[in-house]
Student: 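Here's a structure for you.
Note that the coordinates shown come from a computational prediction; the quantities given were computed from them, not determined experimentally.
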Amino acid sequence: MYKNSNYNLRNELGSFIKNYSIKNYGEDWNYCINLSNKYNVRNNRWRKNVSCLFKNISKLDNKIDGFVLNEYDINYYNIHHHIILKSDLDEEEINKLVKINWKNKGLSEISKYNNEKDYCYYITKHYNKFKENEFEMVKNLI
């Protein structure tokens, strides 16, 4: 069982992420992206892969912004990534870029952001439970 302070931390982080785009851009997020890894990428090896993806997206949209949160897969063997993204690129372009850049690394799933689904709270559900449950701004990975 996790302490209430951890629950409060995750809830506050979810609230911060949910409101960040509206506060900074006057509109909601555009995309939710989930990325899994074929191979074990614990520690900081994940940064290289995710950074490469965002560097390639930023070549077409240099104003992208968002957050990446990592969590373990169901077997506690590997981490996967939940991403909330602000981008001026249309859904077809984002899908294409993510699929091309992630096809050899693992599986990807991209969807339009829906404010009613509370994705921002969902992606923080395991934050601070393990050292690999990292939180990073997309801008820091470009």
Student: Just how far is it from atom CG of L85 to atom CD1 of I94, taken to the nearest 0.5 Å?
Tutor: 5.5 Å
Student: Keeping N30 on the side-chain end and K86 on the backbone end, is there a donor-acceptor pair under 3.5 Å?
Tutor: no
Student: At what distance, to the nearest 0.5 angstrom, does SG of C120 lie from CG of N11?
Tutor: 12.0 Å
Student: Using the rule side-chain contact (heavy atoms from CB on, under 4.5 Å), only one of I83, I79, T124 pairs with L69; which is it?
Tutor: T124
Student: Using the test side-chain contact (heavy atoms from CB on, under 4.5 Å), find all partners of N62 that sit at least two apart in sequence or belong to another chain.
Tutor: none
Student: Run the side-chain donor-acceptor check on residues 135-142: report pairs under 3.5 Å with partners two or more places apart or on a different chain.
Tutor:
residue : atom : partner : partner atom : Å
E136    : OE1  : R47     : NH1          : 2.8
E136    : OE1  : R47     : NH2          : 3.4
E136    : OE2  : N140    : ND2          : 2.8

Student: Check whether W29 reaches the backbone of Y20 with its side chain - one donor and one acceptor, N or O, closer than 3.5 Å.
Tutor: no
Student: Taking the side chain as every heavy atom from C-beta outward, state whether E71 and H80 have any pair of such atoms under 4.5 Å apart.
Tutor: yes
Student: Going through the distances and angles, do W102 and N49 end up as a side-chain contact (heavy atoms from CB on, under 4.5 Å)?
Tutor: CA-CA 8 Å; W102 208 257; N49 293 340; 3.8 Å; yes
Student: Can you find a pair of side-chain heavy atoms, one from S51 and one from W46, that are under 4.5 Å apart?
Tutor: no
Student: How close do C52 and N101 get, counting heavy atoms only, and between which atoms?
Tutor: O-OD1, 4.5 Å
Student: Verify side-chain contact (heavy atoms from CB on, under 4.5 Å) between V98 and L35, making sure each step is shown before the conclusion.
Tutor: CA-CA 9 Å; V98 171; L35 304 172; 4.0 Å; yes
Student: Please answer: with hydrophobic residues joined when any side-chain heavy atoms are less than 4.5 Å apart, are L89 and I64 in the same cluster?
Tutor: yes
Student: Between the side chain of K18 and the main-chain N/O of Y121, is any donor-acceptor distance below 3.5 Å?
Tutor: no
Student: When you measure from the centre of the six-membered ring of Y122, is the NZ or CZ of K125 under 6.0 Å away and within 45° of the axis?
Tutor: yes
Student: For a side chain to side chain donor-acceptor pair (under 3.5 Å) check, start with the C-alpha distance between N114 and K117, then their side-chain angles and the critical distance, and finish with the verdict.
Tutor: CA-CA 6 Å; N114 179 342; K117 291 190 175 181; over 6 Å; no
Student: Is any side-chain heavy atom of N56 closer than 4.5 Å to one of F54?
Tutor: no
Student: Could you walk me through whether Y31 and E91 pass the side-chain contact (heavy atoms from CB on, under 4.5 Å) check?
Tutor: CA-CA 8 Å; Y31 304 104; E91 191 172 5; 4.0 Å; yes
Student: Sequence neighbours left out, what passes side-chain contact (heavy atoms from CB on, under 4.5 Å) with E109? Give chain and number order.
Tutor: N34
Student: Test your reading of the model: is there a side-chain donor-acceptor pair from D61 to the backbone of K63, 3.5 Å cut-off?
Tutor: yes
Student: Is there a path of hydrophobic side-chain contacts, each under 4.5 Å between heavy atoms of I, L, V, M, F, W or Y residues, that connects I84 with F16?
Tutor: yes
Student: Does some side-chain heavy atom of I110 sit less than 4.5 Å from a side-chain heavy atom of S108?
Tutor: yes
Student: Near K112 NZ, under 6.0 Å, is it more than 12 heavy atoms from other residues, nucleotides or ligands?
Tutor: yes
Student: Could you pull out all residues at least two apart from Y25 that satisfy ring pair (Phe, Tyr, Trp, His ring centres under 6.0 Å)?
Tutor: none
Student: Would you kindly say whether N70 and H82 are connected by a side-chain donor-acceptor distance under 3.5 Å?
Tutor: no
Student: Test of understanding: clusters of I, L, V, M, F, W, Y form through side-chain heavy atoms closer than 4.5 Å, transitively. Do I57 and L60 belong to the same one?
Tutor: yes
Student: Does any N or O in the side chain of Y113 come within less than 3.5 Å of the main-chain N or O of D28, such that one atom is a donor and the other an acceptor?
Tutor: no
Student: For the hydrophobic clusters of this structure (ILVMFWY residues joined by side-chain heavy atoms under 4.5 Å, transitively), does one cluster hold both I123 and L107?
Tutor: no
Student: Give, for atom OG of S36 and atom NZ of K105, the distance between the pair rounded to the nearest 0.5 Å.
Tutor: 12.5 Å
Student: Just to verify, what does Y119 make a ring pair (Phe, Tyr, Trp, His ring centres under 6.0 Å) with, not counting sequence neighbours?
Tutor: none
Student: Name all residues meeting the side-chain contact (heavy atoms from CB on, under 4.5 Å) criterion together with S111; count only those two or more places apart in sequence or in a different chain, and write none if there are none.
Tutor: C32
Student: Checking side-chain contact (heavy atoms from CB on, under 4.5 Å) for the pair S21/F67: CA distance, chi angles, key distance, verdict?
Tutor: CA-CA 10 Å; S21 184; F67 296 95; over 6 Å; no
Student: Distance from I17 atom CD1 to E12 atom CD, nearest 0.5 Å?
Tutor: 12.0 Å
